[in-house]
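Note that the structure is predicted; figures quoted are calculated from it, not measured.
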Amino acid sequence: MGFCYILILLFIFPLCIRCQDASSSDSTTANTRPSITISKCSSLSINIDGRIDEPVWDSCETATDFVEIEPNDNTKALVKTDVKMTYDDDNLYIAFICYDNQMSKLRVSLTDRDKIYNDDYVGVLIDTYNDNKQAYEIFLNPYGIQGDGIWTKQSEEMNFDMLYDSEAKIYKDKWIVEIAIPFKSLRFPEKDIQEWGVHIIRTRPRDSRVQMSWAKISRDNSELMSQAGVLRGFRNLKKGKQLELLPFVLGSQLGFRERSGDPDSKFINEKIKGDAGFGVKYGFTSNLTGELSFNPDFSQVESDAAQVDVNTSTAIFYPEKRPFFLDGMNTFSSQLQVVYTRMLNNPLFTAKMIGKIDAFDVGYLMGYDENTPFIIPKKYGSDVVETDLKSFSNVIRLKKSLTGESFLGLIGTDREVGDSYNRVIGFDGTLNFWKNYYINWQLLGYFTKELNDSLLYEETTQFNKSGNDAGFNGEAYSNFGGTINLTRKTRHWNGEFYINVAPPEARRDLGYLGKNDFREIGVWQGFTIYPQSKFLLRVEPSFSGGTQYDYDNRIKEQWLVPEVYFQFAKQINFSIGMLAVNNENYYDVYHKNVHRGWINLNINTDSRIRGGAFIESGKFIVRDEEPSFVGWGLNSELWLTLKPVNNLTLENTYYYYELSRNRGGEKLYAGYIFRNKTSFQFTKHFFLRLIVQYDSFDKRFDVDPLFSYKWNPFTIFYIGSTHDLTDYRNSAGRSRFVESQRQFFAKFQYLFKL
């Protein structure tokens, strides 16, 4: 327990300097919670063209006097930004006038939406409920390319898409963007008089990545939206009961070798298959929306980037990319990964409802899956089981808003497969006190009745005192777990002290759990220094540490990680860290002093080329052999993005992994993955993309070309193919790449708004 006491003391010490941190002050008091009273204009009085030459703009109140929030701290902005707003019965209109004395250094790309964040861009965060809990993010670059997302206290969901119109125009001394945001695209309270919170942000990457804000943003206040400006003047807004239909048609043809693994066998092309489906979305009120999809096409246009699964004991986590699940998924998020929508693998139909009812955020999600996967967590890792079984799933989420960022919540999931089930119910919340301190907690109950089919999954090792095992033999078991943490967020000293508990019976069939059977206590501490230097902008030394025990009170793992982050001018950052303490019990073999270190470098100095590297080297536990032992490894990642012209982007990543029995000894494996993604944007709506990926572990090339026309995020047409080429080496050991599988596909999807 001595290591635990050290961790607790390392967290408590910074609490003693709370008053010292609070004495820090901002360099200016300008624009503290500024406000604009917006006026209503007549319909059809604004043309979205980037010109702002309509008379209505002359009478609008203007947001001005921006301050620089990065890298400087609320100092007067070096360039001028003016923002005008008005509205009519259907839309909120915003005009951004971005003046610049270095127009020749303007960074701008003709690219697909949401790919603008290395450019100059400007936009807003709109908190329609003015409760500091959630905000719509809408950003645009000087070509009017859109980027949007949802901000919450926990994260930013930048895969969220919404419908709005935008156009931009570049002038000699400025660039202008006009947008029209339909009220039908927003959720807001049903009130006669509205007041919305709004941050207006402009990002200007030059020697450094400069960010400017209309409202002052204090580094000593972690509540971002509580510092936002206020947008007043809305009266009698009506979203209307909007009905959206989203039908699609899909055609595809699959081809493969008659005998898998035989490159000389006949290549078979199946008949062309057609498919169709549709989605329905209905706005019951201005803040409650329902959505239903039948036979949805949940295939991904862009395949998952390959991940190395050698020498790992846990299931690989893949990010969600499917639009149905991305919209509103922040509603279902919580501190622990209770909902992982990739576990709804191939649903025949899905439905969800999200929104607000009075002070409650509400969410409901259901789906009928035709190919149900399982992640089976165990003490030392997890297994993945793919099946053709049918399942029915339900998720419910409620959150009651309290003062500031505080809330109370409930979450529940249920997945039924035949007469088996997995149910998780949880209560969570956040309590904000002393301005900069938070207690976050989540209590979960796990209830499982397994399938009774040992042919699908067999595991005889008992995991608890009741004699249960993880194999599919019809057993039923339950237990409770959860997490609690104390977090501190200030200008300089930040920290977290946490406790996590996952009993041996913990299963989340609709969530993600990499392993169970542990009790964990940990701490993270970081101190941010802002040097008064034009070269070095920020230094952040930090450390994290923790210890983990199993339910038999045996140590599973101990770690201590010091790290230092440096932010330099010219958009360069660098970090270095190491595992100073790393002891782990893996399948009853206790490994001590498994030390290694790493460095990470990012360079974005030039608009035409950016890149970086991550290198990690040292001792690793060799988990694929029995008994396990400590070997020597090297993991590295290199990335390089080239933009020779504004509408051409070449993204390259290279991963190299190596593991040896000891330093300089016999290699257990060594391999790499190279991935190139080339995108050529003909117009704002039409692009060509080619992905080429080589995986030396599988000795396979993947080639995925795609033509896409995207009128908006939901009305799209694309045609493309996927090609798998496997290296069947000849008798002389020379490479012989033969196409082992391919698919051609085309899809048309159109959004009808009624």
Discussion item. Evaluate Ser109 against Lys643 for side chain to side chain donor-acceptor pair (under 3.5 Å), listing each step before the verdict.
Written reply: CA-CA 9 Å; Ser109 304; Lys643 290 184 67 66; 3.2 Å; yes

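- Side chain of Ser696 to backbone of Gly671: no donor-acceptor contact under 3.5 angstrom is found.
- Ion pairing of Glu625 with Arg661 is present here, as a side-chain N (NZ or NE/NH1/NH2) and a carboxylate O approach within less than 4.0 Å.
- At least one side-chain heavy atom of Trp559 sits less than 4.5 Å from a side-chain heavy atom of Leu579.
- We find the OG-NZ distance between Ser660 and Lys667 to be 5.0 Å, quoted to the nearest 0.5 Å.
- In this structure, Arg423 satisfies the cation-pi test against Tyr421, with its NZ or CZ atom closer than 6.0 Å to the six-membered ring centre and inside 45 degrees of the ring normal.
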Practice prompt. Show the numbers, then the answer: is there a side-chain contact (heavy atoms from CB on, under 4.5 Å) between Ile609 and Leu640?
Written response: CA-CA 7 Å; Ile609 180 172; Leu640 178 67; 3.6 Å; yes

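- Salt-bridge annotation for Arg610 and Glu651: absent, with no side-chain N of the basic residue lying under 4.0 Å from a carboxylate O of the acidic one.
- Contact of the Gln681 side chain with the Thr683 side chain is not registered, since no non-hydrogen atoms from C-beta on lie closer than 4.5 Å.
- A donor-acceptor pair under 3.5 Å is absent between the side-chain atoms of Tyr587 and the main chain of Glu626, judged by distance alone.
- Remark: Asp509 engages Arg415 in a salt bridge, criterion side-chain N to carboxylate O under 4.0 Å.
- No donor-acceptor contact under 3.5 angstrom links the side chains of Asp469 and Thr461, judged on distance only.
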Worksheet item: Which is it for Asn118 and Asn604 under the side chain to side chain donor-acceptor pair (under 3.5 Å) test, yes or no, and what are the steps along the way?
Response: CA-CA 8 Å; Asn118 286 292; Asn604 192 16; 3.1 Å; yes

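- Put simply, the side chain of Leu688 does not reach to within 4.5 Å of the side chain of Leu706, judged on heavy atoms.
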Item to complete: Quick one: do Ile116 and Thr111 satisfy side-chain contact (heavy atoms from CB on, under 4.5 Å)? Show the steps, please.
Response: CA-CA 7 Å; Ile116 65 171; Thr111 184; 4.3 Å; yes

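- Side-chain contact between Val310 and Tyr657 is absent, with no heavy-atom pair separated by less than 4.5 Å.
- Side chain to side chain, Arg342 and Tyr512 fail the donor-acceptor criterion of an N or O pair below 3.5 Å.
- Centroid-to-centroid, the aromatic rings of Phe682 and Phe680 come within less than 6.0 Å.
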Worksheet entry | Test side-chain contact (heavy atoms from CB on, under 4.5 Å) applied to Asp148 and Asp114, step by step | CA-CA 7 Å; Asp148 44 25; Asp114 295 321; 3.4 Å; yes

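- Judged by distance alone, with hydrogens and angles left aside, the side-chain atoms of Asp624 form a donor-acceptor pair with the main-chain N or O of Asn311 at under 3.5 Å.
- Within a 6.0 Å sphere centred on CZ of Arg663, heavy atoms belonging to other residues, nucleotides or ligands number 12 at most.
- In this structure, Tyr694 has its ring center no closer than 6.0 Å to that of Phe674.
- Here the CG atom belonging to Asp369 is positioned 9.0 Å from the CE atom belonging to Met343, to the nearest 0.5 angstrom.
- Listed for the Ser382 side chain is a donor-acceptor partner under 3.5 Å among the backbone atoms of Ala315.
- Between Tyr709 and Phe707, the ring centre distance reaches or exceeds 6.0 Å.
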Worksheet item: Are Asn345 and Asn371 close enough, and set up right, to give a side chain to side chain donor-acceptor pair (under 3.5 Å), and what steps lead you there?
Response: CA-CA 6 Å; Asn345 181 39; Asn371 300 98; 5.1 Å; no

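- Proximity of Trp632 to Glu658: side-chain heavy atoms (C-beta onward) are nowhere separated by under 4.5 Å.
- One N or O on the side chain of Thr387 and one on the backbone of Leu389 form a donor-acceptor pair closer than 3.5 Å.
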Discussion item. Set out, in order, the CA-CA distance, both residues' side-chain angles and the distance that settles side chain to side chain donor-acceptor pair (under 3.5 Å) for Glu450 and Ser420, then state yes or no.
Written reply: CA-CA 5 Å; Glu450 295 174 336; Ser420 70; over 6 Å; no

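- The closest donor-acceptor contact from the side chain of His591 to the backbone of Asn583 lies at 3.5 Å or more, if one exists at all.
- Both tests pass for Arg623 against the ring of Tyr586: distance under 6.0 Å to the centre and angle within 45° of the axis.
- Enclosure of atom CZ in Arg259 by more than 12 non-hydrogen atoms of other residues, nucleotides or ligands within 6.0 angstrom is indicated.
- Taken to the nearest 0.5 Å, the OG1 atom of Thr715 stands 7.5 Å off from the CD atom of Gln749.
- Side chain of Asp112 to main chain of Lys115: no donor-acceptor pair is present (N/O by atom type, distance under 3.5 Å, no hydrogens or angles).
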Fill in: Glu244 and Leu751: CA distance, side-chain angles, deciding distance, side-chain contact (heavy atoms from CB on, under 4.5 Å) verdict
CA-CA 7 Å; Glu244 295 181 358; Leu751 176 64; 3.8 Å; yes

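- Listed for the Asn295 side chain is a donor-acceptor partner under 3.5 Å among the backbone atoms of Ala276.
- No side-chain donor-acceptor contact under 3.5 Å links Asn479 to the backbone of Pro503.
- Using cut-offs of 30° and 60° on the angle between ring planes, the pair Phe745 and Tyr718 is perpendicular.
- The side-chain tip of Arg596 points at the ring of Phe620 from less than 6.0 angstrom away and within 45° of straight on.
- Closest of all the heavy-atom pairs between Arg736 and Asp264 is NH2-OD1, 2.7 Å.
- For the pair Phe701/Asp727, no side-chain contact is recorded, criterion being any heavy-atom separation below 4.5 Å from C-beta on.
- Taking the ring centre of Phe463 as origin, the terminal cationic atom of Lys378 falls outside the region bounded by 6.0 Å and 45° from the ring axis.
- By the 4.5 Å heavy-atom criterion applied to side chains, Arg257 and Val738 are counted as neighbours.
- The shortest distance between side-chain heavy atoms of Thr413 and Val339 falls below 4.5 Å.
- Note: Tyr672 and Tyr656 fail the aromatic proximity criterion, with ring centroids not under 6.0 Å apart.
- Rounding to the nearest 0.5 Å places OG of Ser721 at 11.0 Å from CD of Gln253.
- Atom CG of Leu690 is separated from atom CG of Asp704 by 8.0 Å, given to the nearest 0.5 angstrom.
- A centroid separation of 6.0 Å or more is found between the aromatic rings of Phe737 and His723.
- In summary, Lys379 and Asp517 engage in a salt bridge, as defined by a charged side-chain N under 4.0 Å from a carboxylate O.
- Proximity of a side-chain donor or acceptor of Asn635 to a complementary backbone N or O of Glu616 within less than 3.5 Å is not detected.
- Atom NZ of Lys273 is surrounded by 12 or fewer heavy atoms from other residues, nucleotides or ligands within 6.0 Å.
- A salt bridge links Arg554 with Asp588: the distance from a Lys NZ or Arg NE/NH1/NH2 to an Asp or Glu carboxylate oxygen falls below 4.0 Å.
- Both tests pass for Lys352 against the ring of Phe324: distance under 6.0 Å to the centre and angle within 45° of the axis.
- In this structure, the separation between CD on Gln693 and CG on Asn676 is 10.5 Å, given to the nearest 0.5 Å.
- The aromatic ring centres of Phe714 and Tyr750 sit 6.0 Å or more apart.
- Other residues, nucleotides and ligands place no more than 12 heavy atoms under 6.0 Å from the CD1 atom of Ile272.
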